[in-house]
Amino acid sequence: MRGAIAAISRLEARAARLYPLPAPSRARSAMPTFSESILAALSKHTGANSGALKLESPRDPALGDVAFPCFVLAKERKQPPPALAAELAAKLAGEFDDIAVVATGPYLNFRVARPRLAREVLGAVEAAGARFGGSSEGAGKTVVIDYSSPNIAKPMHVGHIRSTILGASLVRIFRHLGYRVVGVNHIGDWGAQFGGLVVALRRWKSQVDLERDPVMGLLDLYQRSKEALKSDEQFQREAVAAYQELESGREGEVRELWRWVTEVSLRGFNATYKRLGIAHEHVRGESWYEPLLQATLERVKAAGVTEISEGALVVMLGEVDKGLKATPCLLQQSNGTTLYATRDLAALFSRWEEFAFERCLYVVGGEQKLHFRQLKAVLQRMNEAWAARVEHVDFGMLLGPGRVKIASRKRGEVLVLDDLIDECVEEAAKVIEEKNPGLSTKAQVAEQVGIGALVFNDLKRERIKDVIFDKREFLAFEGDTGPYLQYTHARLASILRKALASGDAALGAEPDFTALENAGEILLRIARLGDVTRAAAAKAEPSELSQYALSLAREVSTWLTQPENRVLGSEPRAGAARLALVRAAKATLGIALSLLGMAAPEEM
RNA sequence: GCGCCCGUAGCUCAGCUGGAUAGAGCAGCGGAUUUCUAAUCCGCUGGUCGGGGGUUCGAAUCCCUCCGGGCGCGCCA
């Protein structure tokens, strides 16, 4: 994937040399953007603070580019909104030479002359390059994102897909905004079940294939150990002993086996992550926090918020969160052992001390809402001011067609993530064979498109919504899918490639932006990438960007299809303007795809 | 029982944090191909925004209530 990106940027650089866009430098520093101009003029004539004036988009693009609803102001002035709109329209008429103002009922609609709009938007894209839509709002701030977090000794299955894909996208989004991002993989490498696994390894190692695919072999052993734990008392005793030995920290056979299991599991995970373009900054197993558990308990106790209830150590939470009055947080069982919450609390303290994060996001399914709400409430009771920085980024469940549960662990059926990815890639390869058999990079593109379909399927709706996992639907590669976005990108790339190859007359020409008269929606859409990216980060909601990318791709596709917008071989100055639009749309769509964690192929 | 979430076209979802006539995709029907890539585009059909109250100049959006569905609820993770 890295290679492809390098190739794209080489092409970009070459294209930029051949047909430079209007120099944005002076325009950006000296001239306000059209929305700034509009806000300033409104502020001047209404006396209202420009921050209090809210601009929006007209319902119908034919009405204008930017709208100002006059209701609020009209009420203050005890004036009918349409009258105020008309009055303001008259006053503002003389303010601009390239922005038209009309009053439409209670609305004031502004339309920016296409040359100005184009210069401004295309110039901003050109100036920012790959950083377009980004900012430096996160400079000096750290965001910790806990995502994916699989358990060892089992392959990643469809159940891990949502956290992995959502988290990976959030990592990219925050990074684009200048944050230092620490992607954390909190590996489940601890627990009583490893006692059973160790015994299973001792007994049946030779009966399974641990050579070719160790993780699948381990899964087999893990399932057999679960059976044996139920029926075989000798096995049970050995398993308990093995887990005790593991917990003791003693070096020996048990520790060695456990370490080996961890290693091969991580190796397997990393192969999958590599295909998805994912690399965590911080990989740490639950086991790492074991030595900190006593100190964590002491710390909570010292804060004076614990009590003993039915023999267990708990923190009552009703006083900081009424909804939790019936559900205290258990930190230590009556037999002395610690719990899930204890471990997460230990990890949280450790992360705070290590990273002093601005936000700490847990990309974990909605089933665990109570757990994270309790963790935050414990912090609140301890008067930790940073409790508010901890967020549970919850998401809906993965369901099969007909809303039935899939990947039920109880029955031991696992839909292995790698197999699923393979299936998507194979399907993509078939479509390529059918649509574009001459493509020289078939295998690479099939990988990009297949994975793109899978990733986008998970990101296109709000994360809280359940995902109906219907292969027939997202392997169709039609409509609102990842491949649709990639295809649009490839078509734009194709135009640029052909312009370069043929030495089109538009390449050296001075752009005539009046040729972009009917491209206003696209330009306005491009201009919004920054707002959308910020919203996606603020809400921890990648679907903001998915929906944005779909809108942009739809508008671009429509525009490209109209014969009058033909780029190549048209009148050179008009062609130059259209070529500039194509370049900016491609760059913008490419950035959006990359923020979602998808490849943007040049051809497909 | 308690806590939280969801309910918009036949299906899957948008709806710019309260604004103008509620929009896409899929499915169905009908069109566009000597293609700057038809993995596309255009048109048609399809709506009591779960029901009922309320707040507001204005509600799919905010509040209350009921209905339907889901998730969770101390010694698992």
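As the structure is a prediction and not an experimental result, all values here were calculated from the model. Chain identifiers are assigned alphabetically (A, B, ...) following the order of the sequence lines, protein sequences preceding nucleic acid strands; residue numbering begins at 1 within each chain.
Here the straight-line distance linking atom OG1 of T46(A) with atom CG of L108(A) works out to 10.5 Å at 0.5 Å rounding. Atom CD of Q374(A) and atom CG of D344(A) lie 11.5 Å apart (nearest 0.5 Å).
Remark: the separation of the C1' atoms in A9(B) and A60(B) is 14 Å, to the nearest Å. Using atom C1' as the reference point in both C29(B) and G72(B), the two lie 46 Å apart (nearest Å). Taking the C1' atom of each, U45(B) and G23(B) are spaced 16 Å apart, rounded to whole Å. Spacing of C1' atoms, G25(B) relative to U61(B), comes out at 23 Å, to the nearest Å. For G51(B) and C67(B), the P atoms lie 15 Å apart once the distance is rounded to whole Å. Taking the P atom of each, C2(B) and C62(B) are spaced 24 Å apart, rounded to whole Å. Comparing the same atom, C1', in C4(B) and in U8(B) gives a spacing of 22 Å after rounding to whole Å. Taking atom P on both C42(B) and A27(B), the two are 16 Å apart, rounded to the nearest angstrom.
Going from atom CG of D480(A) over to atom C1' of A24(B) covers 6 Å, rounded to whole Å. Put simply, CG on L459(A) is 20 Å from P on U12(B), counting in whole angstrom units. Put simply, CZ on R472(A) is 11 Å from P on A27(B), counting in whole angstrom units. Computed from coordinates, the Q562(A) CD to C41(B) C1' distance equals 9 Å when rounded to whole Å. Nucleotide C41(B) holds its P atom 15 Å from the CH2 atom of W559(A), rounded to whole Å. Rounded to a whole Å, the CG atom of L550(A) is 10 Å from the P atom of G25(B).
Remark: Y487(A) is in phosphate contact with A39(B), judged by side-chain N or O atoms under 4.0 Å from OP1 or OP2. The phosphate of G74(B) (OP1 or OP2) has no side-chain N or O of Q374(A) nearer than 4.0 angstrom. A close approach under 4.0 Å does not occur between any side-chain nitrogen or oxygen of S309(A) and OP1 or OP2 of G74(B).
Taking only side-chain atoms of R528(A), from C-beta outward, the nucleotide of C5(B), U40(B), C16(B) with the closest atom is C16(B). With distances taken from any side-chain atom of R554(A) to the nucleotides A24(B), G7(B), C76(B), the minimum falls on A24(B). Side chain of K539(A), nearest nucleotide from A39(B), C5(B), U17(B): U17(B). In this structure, of C36(B), A39(B), C5(B), it is A39(B) that holds the atom nearest to the side chain of E478(A). Residue S494(A) places its side chain closer to C36(B) than to any other of U40(B), C36(B), A39(B). The side chain of P58(A) lies closest to A20(B), out of A20(B), C73(B), C57(B).
Residue-level contact check: N109(A) touches the bases, meaning some heavy atom is under 4.0 Å from a base atom. When heavy atoms are screened at a 4.0 angstrom cut-off, R461(A) is found touching the sugar-phosphate backbone but no base atom. Looking at heavy-atom distances under 4.0 Å, T558(A) makes contact with sugar-phosphate atoms alone, never a base. Heavy atoms of A312(A) sit under 4.0 angstrom from at least one base atom. Counting non-hydrogen atoms under 4.0 angstrom, M397(A) reaches the backbone sugars and phosphates but no base.
Scanning atom types as modelled, no donor and acceptor separated by under 3.5 angstrom connect the side chain of D344(A) and the base of A77(B). Residue-to-nucleotide contacts include a donor-acceptor pair under 3.5 Å from the side chain of S334(A) to the base of C75(B).
The residue among Q332(A) and Y484(A) whose nearest nucleotide of RNA chain B lies closer to the 5′ end is Y484(A). Comparing E56(A) and V449(A), the nucleotide of RNA chain B nearest to each residue sits closer to the 5' end for E56(A).
Pairing for G7(B) is with C67(B), a Watson-Crick or G-U wobble pair whose two hydrogen-bonding atom distances lie under 3.5 Å. Using Watson-Crick or G-U wobble geometry with both donor-acceptor distances under 3.5 Å, C29(B) finds its partner in G43(B). With a cut-off of 3.5 Å on both Watson-Crick or G-U wobble distances, the partner of A24(B) is given as U12(B). A 3.5 Å limit on both hydrogen-bonding distances identifies G1(B) as the Watson-Crick or G-U partner of C73(B).
Within 90° of 0 lies the glycosidic angle of U17(B), which makes this nucleotide syn. Glycosidic conformation, G10(B): anti, with the torsion outside 90° of 0.
In this structure a side-chain-to-backbone donor-acceptor pair under 3.5 Å is present from T262(A) to W258(A). The backbone N or O of V567(A) lies less than 3.5 Å from a partner atom in the side chain of S570(A), making a donor-acceptor pair.
In this structure, the side chain to side chain contact (heavy atoms under 4.5 Å, CB included) partners of E473(A), at least two apart in sequence or on a different chain, are K460(A), D470(A).
Among E247(A), E290(A), E286(A), the single residue meeting the side chain to side chain donor-acceptor pair (under 3.5 Å) criterion with W190(A) is E290(A).
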